[in-house]
Amino acid sequence: MSNPDELLVALSAAVELGGSNQMSLTVVVGGAVITGRLAPEAVWRERVAEVLKDSDRLGPFADVFARRDRGNHSGRTEAPTHLHFHLARILQGTLGIPETGGMYRVAIEDVSAWSIGDLIHSNQ
């Protein structure tokens with residue numbers, strides 16, 4: 001979207017302010033369908049840093065996510081520019097990749113469609 005959807009920005013801001021990671025959302029970005037739960041950016045960054053820190057090869061990159069940038073603080077007043085998904089999957093046919101869910105950061109301006117809720121696929 002050239003102009004980010006006001007409702008989606010407001011939804012992301014509510015997640016940021018409320019600190020909740022229970023809002024399920026499905027978005028379409030560049031033709032891909034991503035479904036999962038939104039998390040506040042600080043929580044998302046912390047979790048990504050934890051995962052990277054546990055990796056022998058990727059450990060040095062953990063600090064990039066753990067670092068607090070000037071735009072990343074709990075009292076922020078500017079509108080969110082990104083959605084931070086956890087337990088998220090990219091849907092492809094009857095598969096959700098990865099099966100267990102992953103961590104995705106999506107620019108709100110790139111979302112072409114969205115819906116409340118987490119899509120669940122089954123082979124039945």
Side-chain angles (χ1 to χ4, degrees):
M1 295 180 174
S2 55
N3 292 324
D5 184 315
E6 295 174 9
L7 272 173
L8 193 53
V9 172
L11 184 63
S12 181
V15 168
E16 289 291 330
L17 290 174
S20 172
N21 62 357
Q22 298 303 306
M23 173 51 74
S24 295
L25 189 71
T26 299
V27 297
V28 177
V29 180
V33 177
I34 300 172
T35 189
R37 283 194 270 163
L38 293 180
E41 181 178 358
V43 172
W44 183 88
R45 290 169 66 106
E46 181 179 309
R47 180 65 183 124
V48 171
E50 288 171 4
V51 170
L52 292 175
K53 197 178 296 185
D54 290 341
S55 169
D56 292 334
R57 291 180 301 137
L58 302 175
F61 297 102
D63 288 342
V64 172
F65 290 89
R67 194 176 349 178
R68 299 284 180 214
D69 294 331
R70 24 172 218 186
N72 185 24
H73 57 286
S74 59
R76 78 203 243 155
T77 57
E78 66 272 6
T81 59
H82 290 78
L83 302 170
H84 296 87
F85 283 93
H86 73 112
L87 301 175
R89 296 170 318 283
I90 297 174
L91 301 181
Q92 178 67 40
T94 59
L95 295 175
I97 306 166
E99 278 186 32
T100 57
M103 307 291 284
Y104 295 101
R105 176 177 159 112
V106 175
I108 293 173
E109 69 180 17
D110 293 339
V111 174
S112 59
W114 62 277
S115 179
I116 299 294
D118 186 0
L119 297 180
I120 299 171
H121 275 283
S122 72
N123 289 333
Q124 299 178 8

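Because the structure is predicted, anything quoted here is derived from the model rather than measured. Only this structure's heavy atoms are used, side chains among them; waters, hydrogens and symmetry mates stay out.
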same_hphob_cluster(Leu87, Trp114) at 4.5 Å side-chain heavy-atom cutoff: no
message: Give me the atom names and distance for the closest heavy-atom approach of Val9 to Ala79.
response: CG1-CB, 3.7 Å
query: Glu109 side chain to Thr81 main-chain N or O, any donor-acceptor pair under 3.5 Å?
result: no
- request: Determine the minimum heavy-atom distance between Pro80 and Glu16, stating which atoms define it.
  value: CG-CG, 4.5 Å
- prompt: Rounded to the nearest 0.5 Å, what separation is found between the CD1 atom of Ile108 and the CG atom of Leu11?
  reply: 9.0 Å
field: Any side-chain heavy-atom pair of Thr26 and Val33 under 4.5 Å
entry: yes
Residue pair Leu58 / Val51, side-chain heavy-atom distance below 4.5 Å: no
- request: Compare all side-chain heavy atoms of Gln22 with those of Val15 and state whether any distance is below 4.5 angstrom.
  value: no
message: Please identify which of these residues, Val111, Leu25, Val28, Val106, meets the side-chain contact (heavy atoms from CB on, under 4.5 Å) condition with Ile34.
response: Val106
task: Drop me the distance from Met103's CE to Trp44's CH2, to the nearest 0.5 angstrom.
output: 6.5 Å
task: Taking all heavy atoms of Ser24 and all of Arg37, pick out the closest pair and write down the distance.
output: OG-CG, 3.6 Å
message: If we ignore hydrogens and angles and just use 3.5 Å, is the side chain of Arg45 paired with the main-chain N or O of Phe65 as donor and acceptor?
response: yes
task: State the CZ-NE2 distance between Arg105 and His84, to the nearest 0.5 angstrom.
output: 4.0 Å
task: For Arg47, check side-chain hydrogen bond (donor to acceptor under 3.5 Å, both in side chains) against everything at least two apart and list the hits.
output: Glu50
task: Look at the side chain of Ser12 and the backbone N and O of Leu83, then say whether any donor-acceptor pair between them is shorter than 3.5 Å.
output: no
message: Give me the atom names and distance for the closest heavy-atom approach of Phe85 to Gly36.
response: CD2-C, 3.9 Å
Nearest-0.5 Å distance that lies between atom CG in Asp63 and atom NZ in Lys53: 7.0 Å
